[in-house]
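This report concerns only the one structure given below.
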Amino acid sequence: MKLQNYRQKRALHESPEPQAKVHKGKGELKFVVQKHEASHLHYDFRLELDGVLKSWAIPKGPSMDPSIKRLAIMVEDHPYDYRKFEGIIPSGYGAGTVMIWDEGTYSVEGESRSKTESLMRAGLKKGGLHFTLEGEKLKGTFSLIHLKDQENQWLLIKQKDDFSTKKEITKQDLSVISGRSLEEIGDKKAKKKSL
Ligand code: MN
């Protein structure tokens, strides 16, 4: 069953996180990168596919430098609505602060939604995904490569194109939806004041 692992890891009646619903999006396929200050800081990289978000946790975050390979741990599928979640997970699994660090659309070689989805399904089976992101921070072609004999370990690699650069993209560290820093999102007092 879809999203069973997502549901099992959380007490969703006690969490502000989205319910475990499969939701088929429309138009272009979406992606989101959430900066997540949990027990260890990481970036959650999520690609819409078949009504859920395929998800990888990237400890060091994405890079725009093709010579850098970033470890990406595949984690449980997340509901489509998770791409709009920014805020505080007060306790339990993933407790900490979540920022929408980047969001946008993606495709495989400019293909349609349905063709991209079928290429992505095949790529997941084969262990190699190649796609183009159109985000605010992340742009251009990327690959996710499954490491042989490793259950959940993949590498996120920028491909060389007009957008590749040695500049460290994670230095841009504000939310693309609220303009807030992680500290501001995590500051409950500041949040109360603004309400
Ligand atoms: Mn996370």
Side-chain angles (χ1 to χ4, degrees), residues 2-23 25 29-64 68-104 106 120 124 129 131 133 135-138 142 144-147 150-157 168-178 180-188 191:
K2 278 195 173 181
L3 298 174
Q4 196 173 2
N5 288 343
Y6 176 83
R7 197 180 291 113
Q8 277 172 357
K9 284 173 187 284
R10 295 166 175 79
L12 283 170
H13 55 287
E14 289 170 4
S15 172
E17 293 170 288
Q19 293 301 310
K21 273 195 300 192
V22 177
H23 174 100
L29 291 157
K30 306 292 194 296
F31 85 92
V32 65
V33 183
Q34 283 154 319
K35 191 174 179 182
H36 186 184
E37 193 166 42
S39 49
H40 297 279
L41 180 73
H42 60 273
Y43 293 73
D44 289 302
F45 184 82
R46 312 191 196 279
L47 297 168
E48 178 191 357
L49 182 65
D50 295 326
V52 298
L53 302 175
K54 305 309 284 187
S55 297
W56 290 261
I58 305 179
K60 291 185 176 171
S63 173
M64 296 296 281
I68 289 179
K69 299 174 173 69
R70 288 280 158 87
L71 180 65
I73 316 289
M74 197 177 210
V75 298
E76 76 276 15
D77 293 348
H78 278 53
Y80 178 74
D81 290 344
Y82 210 91
R83 69 195 186 87
K84 289 294 175 192
F85 179 71
E86 178 170 281
I88 301 165
I89 303 170
S91 61
Y93 183 74
T97 308
V98 177
M99 169 202 286
I100 298 178
W101 180 79
D102 199 16
E103 65 171 4
Y106 85 94
M120 290 291 287
L124 280 172
L129 300 170
F131 47 84
L133 301 179
E136 295 201 22
K137 293 174 178 139
L138 300 181
F142 290 79
L144 267 168
I145 307 297
H146 190 191
L147 289 169
Q150 301 291 331
E151 199 185 338
N152 300 319
Q153 295 186 21
W154 297 61
L155 295 173
L156 179 69
I157 308 162
E168 184 49 69
I169 193 79
T170 55
K171 285 198 175 145
Q172 297 181 35
D173 62 352
L174 298 180
S175 164
V176 291
I177 59 151
S178 67
R180 294 183 295 174
S181 66
L182 257 185
E183 292 69 30
E184 286 169 323
I185 296 166
D187 186 349
K188 286 176 204 157
K191 199 181 167 195

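Atoms within a ligand are numbered from 1 in the order they appear, just like the ligands themselves. Heavy atoms only: backbone and side chains are in, while hydrogens, waters and symmetry mates are out.
With Pro62 as the partner, the side chain to side chain contact (heavy atoms under 4.5 Å, CB included) test is satisfied by one option alone out of Ile157, Leu133, Leu156: Leu156. For the side chain to side chain donor-acceptor pair (under 3.5 Å) criterion with Glu103, the lone passing option out of Lys137, Arg83, Lys84, Arg46 is Lys84.
Here the protein contributes His36 ND1, His42 NE2, Asp44 OD2 as N, O or S atoms under 2.8 Å from the Mn ion (ligand 1).
Of the possible donor and acceptor atoms, none in the side chain of His23 sits under 3.5 Å from a partner among the backbone N and O of Asp81.
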Lys60 and Thr170: side-chain contact (heavy atoms from CB on, under 4.5 Å), yes or no, with the steps? CA-CA 9 Å; Lys60 291 185 176 171; Thr170 55; over 6 Å; no
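In this structure Leu129 satisfies the side-chain contact (heavy atoms from CB on, under 4.5 Å) test together with Trp56, Met120, Leu124, Phe131, Leu144, Trp154, sequence neighbours excluded.
Taking a 6.0 Å sphere around NZ of Lys69, one finds it holds 12 or fewer heavy atoms contributed by other residues, nucleotides or ligands.
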